[in-house]
Every structure is written in C-alpha cells, then in structure tokens.
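Chain identifiers are assigned alphabetically (A, B, ...) following the order of the sequence lines, protein sequences preceding nucleic acid strands; residue numbering begins at 1 within each chain.
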2 protein chains.
Amino acid sequence: MHARRPATLASLAAELGVSRTTVSNAYNRPDQLSPELRRRVLETAKRLGYPGPDPVARSLRTRKAGAVGLLLTENLSYAFRDPAALAFLEGLALACESAGQGLHLVPVNPQREDIANVHRAGVDGFVVYSVPDDDPHLAAVLSRPVPTVVCDQPRVEGVDRVGIDDHAAITKIAKRLISLGHRRIGVLCMRLGRDRNDSFVSLDRQRSAHFHVQRTRLAGLADTFTAAGVNWADVRVVERFDHSQASGESAAAQLLDADPGVTAIICTSDILALGAMTEAKRRNLRVPQDLTITGFDGITEARRVGLTTVRQPVLEKGKAAGKLLLGAAEANRQREITLETELVDGTTSAPPRTAEERWFGP
Amino acid sequence: MHARRPATLASLAAELGVSRTTVSNAYNRPDQLSPELRRRVLETAKRLGYPGPDPVARSLRTRKAGAVGLLLTENLSYAFRDPAALAFLEGLALACESAGQGLHLVPVNPQREDIANVHRAGVDGFVVYSVPDDDPHLAAVLSRPVPTVVCDQPRVEGVDRVGIDDHAAITKIAKRLISLGHRRIGVLCMRLGRDRNDSFVSLDRQRSAHFHVQRTRLAGLADTFTAAGVNWADVRVVERFDHSQASGESAAAQLLDADPGVTAIICTSDILALGAMTEAKRRNLRVPQDLTITGFDGITEARRVGLTTVRQPVLEKGKAAGKLLLGAAEANRQREITLETELVDGTTSAPPRTAEERWFGP
DNA sequence: ATGAAAGCGCTAACAC
DNA sequence: GTGTTAGCGCTTTCAT
C-alpha cells in the first residue's frame, strides 16, 4: 500500500491560480507554455504530491488506453510453459515494446465462461491466440469496438489474421513419410473441442473439430495419405486435451496398444512428439529404426533431440500480430499474414522395417 | 479493425425510454430490476450493437482498473527468455488469474528513461521485479498513488517486499566450498549497475552496487571467505551486463585467463554457471575434478546438468507478490515475505586437486 | 423497481 | 501563452 489520492489536476490548478488547461499542458505539451511557468507547475505538483495526470481519466478523454489485450485459450500461466506460446508472446512483446504499448494479459478460465474480464480490460485492441471457433471469450472480444487480430485460429470473416498454411505444412510431413514408405501410421493430435476427449477420434469428430488448426492438419494428412492409397478410416487418431509431454506419452501408449503394427506416429505438435519418444523408449522401440516419430512447430527442444518436424516462425507470428494490430488504423494495409513453414528433416524418421526385419532383426 | 463507437449507455437508455441507471443496473446489478426489463435492455443493446459499459469509463468512475502492472528491469521480451523471470511471471499470473485481475506488462526500455509508460498504465497496483535502486521507472511507480510490491530488489522503506535472504543463501554455497577445501576462487556476477561494465569489479564497485541482490551475494561471499582466511581483495570478480550463457562463457574465460589457478568458480546465477561450464569444457577442464562450478537459482536446466546451486522458489515468489499486492487493502497483513532457499548439492563441486595432482594427474 | 442529479479526472476546441 | 467551455461514458447515492 502506498497512499491515497489527494491532489488532482484541478486542485493543482487552483493552488497555482492557473487554469486546468495550463497544468495539463505542462505535462502533455511543454511547448504550449513558458518554461518558467512549467517549472513552477511541476514543482508545485511535487510539493503537493500530485503524481501527474490520472491514466484512466486521460484514457477516457483521449479514447486511448495505450495497451494491447491478449486473449489465450488456456490459463494465463499455461502460456509461460508452452515453448511455442512463449515464443509468440515474446514476439508480441517485442512489437508492443517498440510501439510503446503495454501488453495486457486477460485472465480467462477456459472452463468457466468468464466473459466479464474481457469486458473489463481497458485496451485499444486485442490479439487472440489460438482459440476454438466457439470460444465465448472470443465472441466477447469481437463484440468490443476495437481492432482485433487473431493468430492461428479461428478464421473469422472480416477479422485480421496471422498464421501459416497448416494444410500445406502438414502435407510436407505426410509426403516425406509416404516417400519413405510408411503406410501404416497413427496420429496424435491436440484437443479438437472445448470438451475433453482423451481417446480415439471418430471421422466425424475430426471433421467437426472446433480448432481449425487441428482440423486442417488432420484433413491434410487424410488427403495426402488417401491419395497414397491409405484408407483414412483405418488410421487411428488419438486426441489429448492437455498439451504436455505426459499427454504425448499416454497417447502414444494408447495408440501402440491398439495397433502395435504402426510404423510411424505423426504428432501435430513437438510436445506430443517428445512424449511419444519417451513412450517408445519405454517400450524398447528404437527411433527411427523401429518407429518413426514426427512433430510440428520446431521448438528448441525438438531441434536438440533431432526431431523430424515442420518449423513455423512463432516469434515472427507474435511480431506480425502486434504490427498488424498496431497499424490497424492505416489505410491499405495487409489484413492477413501467412508465414512460411519449413520441413526439418531430423533423425527420428526413416523407412519402416520390412516384415522380415520385424521378425528376424535388421 | 472492427467497428466504431456508436452506441453508449446513454443512447441505449434514450432508445428504451428508461434512465441510464436502469441500463447500468441491467449489466451490474441484475437483481435491481425486473427480469423482463433486463431482458429488453440486453436485447436492445444487441440490436444497437452496444458492447456493454465502456471499461475505461467504468474504471474512472469506480476507481478500479482490474489489472496489476508489472515493471521489469529488462525489455519485456527478455522476461520470456530468462527461466527465473519466467517462473516468477507464471507465479504472478497464477495469482492474478485467481483474483480475476489482468496482468499489464509495462513496456520499458532500460536504456532510455521512458517514464511515460509507467504513468500511462491504468492499473490498481504495481509489482516491480528486480530493478536497481536508482531506476527512474521505479521512482515513477512509487510516485503513483497505488499499492506496490517489490520482488527481490531494491529494498525501499515502507514498500512491501518479497524475496529471499541472499546473504544466507550464498553463504551456504561458500561454506560448502570452504569445507571442500577451496581457497583460491573466482566469482562471476550479474550487472551491478545501470552502466555497462563487462570486466573485473573493484572492491568499491562491489560495495556500491545498485543491485542490492548482487551486492548482498558478493558481501556474503566476502564475509564467509574472509572468515576462512581468504583475502577477499585477491579474489577476482567478473561482471557481465547481459544475463546469458554467452556472458557466462566469456566471463569464465576472462577469469581463467587472469588466474588459471582458481579451483572453483562461484556464479551468482545458474545461467552464468552454465556458460562457465561450456568454457571449462572448451579448455578441457573437467568439472568437478579440475574445476568446481556453482550457480544460483535452481532453474530446470541446472538440475538437468547436476549443477551445484542454491534453489530459490521463484514461482512462489510470483504468487506471493501477487497475493501481497491484491491483499494490500487488508488490515494486519504481512508487509514482507522472505522465502526459504536450499542448497542443492550437484555433481559440479568436489575438493580441489592438490598441487601434486595438478602436476602428475589424479 | 426506477429515475434525477452529481460527478470520477482529464483533454481539446476555441476564444481571449 | 492562457483561460473557458464541454464533454469522454459511466456509476452511485438519494429520492420517488
């Protein structure tokens, strides 16, 4: 606790015997009054303990809060643990920093529909990071009369977006595996809706997923493998609500229990893939000799272990989202930014073992 | 970009033919009007595209912004890269989350004295994380009539604080090394002031450091080693402005170049220590056989490599800071929280080699 | 259960 | 250069 609020701009003006305008100018437009008067104003302010114009009152008047709001799917604290979210955050912070804007993290509970916090945030615009298309918080953001930029998902008509081409990106992985000879695969994906389903995913659920990114990646895999002669209906897809390595482990276990014959596990995130690696090791499956595992994102940890994955420029996404939002007033600016992705050929993918090798060793 | 601002609470009231109070109540005190009227109000609001009460105007009236400001020493983006800062952030976010408060990161450039951003932040209080005692942004924060909590440094009379006992903590390390037999040591520390000094540190600079935490840790080492018969004036202390592993590497190099005879390098952070490990390896010095290296903080990466260090509960610090701030109105609450630290005996410390061993091998 | 009046603290035209 | 006049959009006693 520090103090209460005694002095205001008006009381300062009264004390000095000048108008409020003059005091205001002393703070906001130094050139609009004599240096001498300004000095007197500031000095008296200090004496009275006047801390300068109240930011909220100023914001109300100027209609500018000087801050960008950030809405995340997850609890605030989650973002500080997911490497991809973190890199995005860093990029966004960079953009805010250079524009002198604050970054206001909106506290949101994905379970409770706590819309009030969105309405309470005094910000000039919102960045929304990767939420489901039916997220009520997103709806609340869009109802506010401020510019908004969505990163990754969902796509909303008329709303600016930063993202990648998920279909094209996952297709790079799929083609790679197909050319290596993999036909019997399994997939590990992140949550597909706001409801928890830690299990296999029906075709219907795949198609109606509320997370556009996951839906598109699954569709990309389905398209590519179908074209290669694989019956997608036979491909097991395992979903996990929580995004963690532990989830990757248990999902891989579930998959391998159901079909020990898969030669490759495709994961829609590096985190899940890292978990799958752990599970493979537990089962004494050598990667990539016995099992190919791929990820998605290209986080640092993935590089370290040599994961085959698709790198996406997450930090750049953050920067781009910030720039897009902060330049929202400009006339003919871009309304959608799609960043490039790149296949990273790691050491976790190789041709499948032949049937003979499986029985008689390499 | 989304829309402009057409409807206000007043215009809605006019449209409905009711008073502004009624509309306000429809949003804030549902029990104060008939359900039927409330329904009508909300429906008309939707029709007119009224997004609900403006948060800034509401804040001005209620004198509550619903957000906590966070001031960091470094650029905003830095916080997302330093594991300790990150854990603190996570803890603080957790506290904010459960209190339904936003977390407003104040953009600040440590080089430029950009006080304006502190004054512009519409927040109900500030958390200040580890800044020098002469930081102008800190002064700006303290001038604002809102509660403030400082984490780690500096200590300010009358301002709440969360931290650890740095003297006691570093003493644990010192005593450990002394009991192992180390007498000829070197120290790597973080920046001691706002001016860059990537070199050795004079006794004077050690004592007058503007970062209380570093100053206290150095003092703790000086006290303990002096008591063990070491002449502190002979102990080389190397300072680095940037907190990175690269800094640790170059600092260790500088130290080992100046005195190849040191048997232990004490670092005031794990990050620096990890860098020192890299440099040791480059020189073919085995750790701990040829050289003991210790850190401070207990970050995940340190555990992984088995670094001897002092663990401090960084996440808890964040939580505690949040709780302290958000409970600032309470009557007889704690004004200072000191958390416990714990020596982590890793595999990077061992007795020094004797002179014979140095010449003839182990 | 609803309304009238009184600002919260400030800035921006516009006049002097 | 300095002051006057009008609100920004909302909540909150206090009446009715």
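To the nearest angstrom, C1' of dT11(D) lies 16 Å from CG of L12(B). A straight line from CG of L16(A) to C1' of dT2(D) spans 13 Å, rounded to a whole angstrom. Straight-line distance from the CZ atom of R58(A) to the P atom of dG9(C): 15 Å, rounded to whole Å. Following rounding to the nearest Å, R120(B) (CZ) and dC10(C) (P) show an atom-to-atom distance of 16 Å. Atom-to-atom, OH of Y50(A) to P of dG9(C) comes out at 10 Å; the value is rounded to the nearest Å. Computed from coordinates, the H119(B) NE2 to dT11(C) P distance equals 13 Å when rounded to whole Å.
Picking from dC10(D), dT2(C), dC8(D) the nucleotide with the shortest atom distance to the side chain of S34(B) gives dT2(C). Of the listed nucleotides (dT11(D), dG9(D), dC10(C)), dT11(D) has the atom at the smallest distance from the side chain of P53(B).
One end of the helix from dA1(C)-dT16(D) to dC16(C)-dG1(D) points its axis 30° away from the other end's axis, with each axis taken from 5 pairs and the angle rounded to 10°.
Counted within 6.0 Å of NZ on K317(A), heavy atoms from surrounding residues, nucleotides or ligands total more than 12; the atom is thus considered enclosed.
Residue V18(A) is classed as a sugar-phosphate contact, given heavy-atom separations below 4.0 Å to backbone atoms only. L60(B) comes within 4.0 angstrom of a base, heavy atoms only.
Between Y27(B) and dG9(D) there is no side-chain N or O to OP1 or OP2 distance below 4.0 Å. Contact between the side-chain N/O atoms of T22(A) and the OP1/OP2 oxygens of dG3(D) is found at a separation under 4.0 Å. Distances shown here put every side-chain N or O of R63(A) at or beyond 4.0 Å from the OP1 or OP2 atom of dT11(C).
Side-chain contact, N28(A) with R58(A): a donor N or O sits under 3.5 Å from an acceptor N or O.
Both L9(A) and G17(B) lie near DNA chain C, and the one whose nearest nucleotide falls closer to the 5' end is G17(B).
Remark: of the listed residues V118(A), L142(A), L70(A), L325(A), V118(A) is the sole one forming a side chain to side chain contact (heavy atoms under 4.5 Å, CB included) with F126(A).
Among residues two or more places apart in sequence or in another chain, the salt bridge (Lys or Arg N to Asp or Glu O under 4.0 Å) test is passed with R29(B) by none. Scored by the salt bridge (Lys or Arg N to Asp or Glu O under 4.0 Å) test, E316(A) finds no partners at all (sequence neighbours excluded). With sequence neighbours excluded, the residues forming a salt bridge (Lys or Arg N to Asp or Glu O under 4.0 Å) with R194(B) are E113(B), D134(B), listed by chain and number.
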Between the protein and nucleotides 12-16 of chain C, list every N/O to N/O distance that falls short of 3.5 Å.
from, atom 1, to, atom 2, distance (Å)
dA12(C), N6, T21(A), OG1, 2.9

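Here R40(B) does not pair with E36(B) in a salt bridge; the nearest charged N to carboxylate O distance is not below 4.0 Å.
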Below 3.5 Å, can you tabulate the donor-acceptor pairs from side chains in residues 71-80 of chain B to any protein atom, sequence neighbours excluded?
from, atom 1, to, atom 2, distance (Å)
T73(B), OG1, S130(B), O, 2.5
E74(B), OE2, R191(B), NH1, 3.4
E74(B), OE2, R191(B), NH2, 2.4
Y78(B), OH, D82(B), OD2, 2.7
Y78(B), OH, H243(B), ND1, 3.0

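Note that CZ of F211(B) is 8.5 Å distant from CG of D133(B), once rounded to the nearest 0.5 Å.
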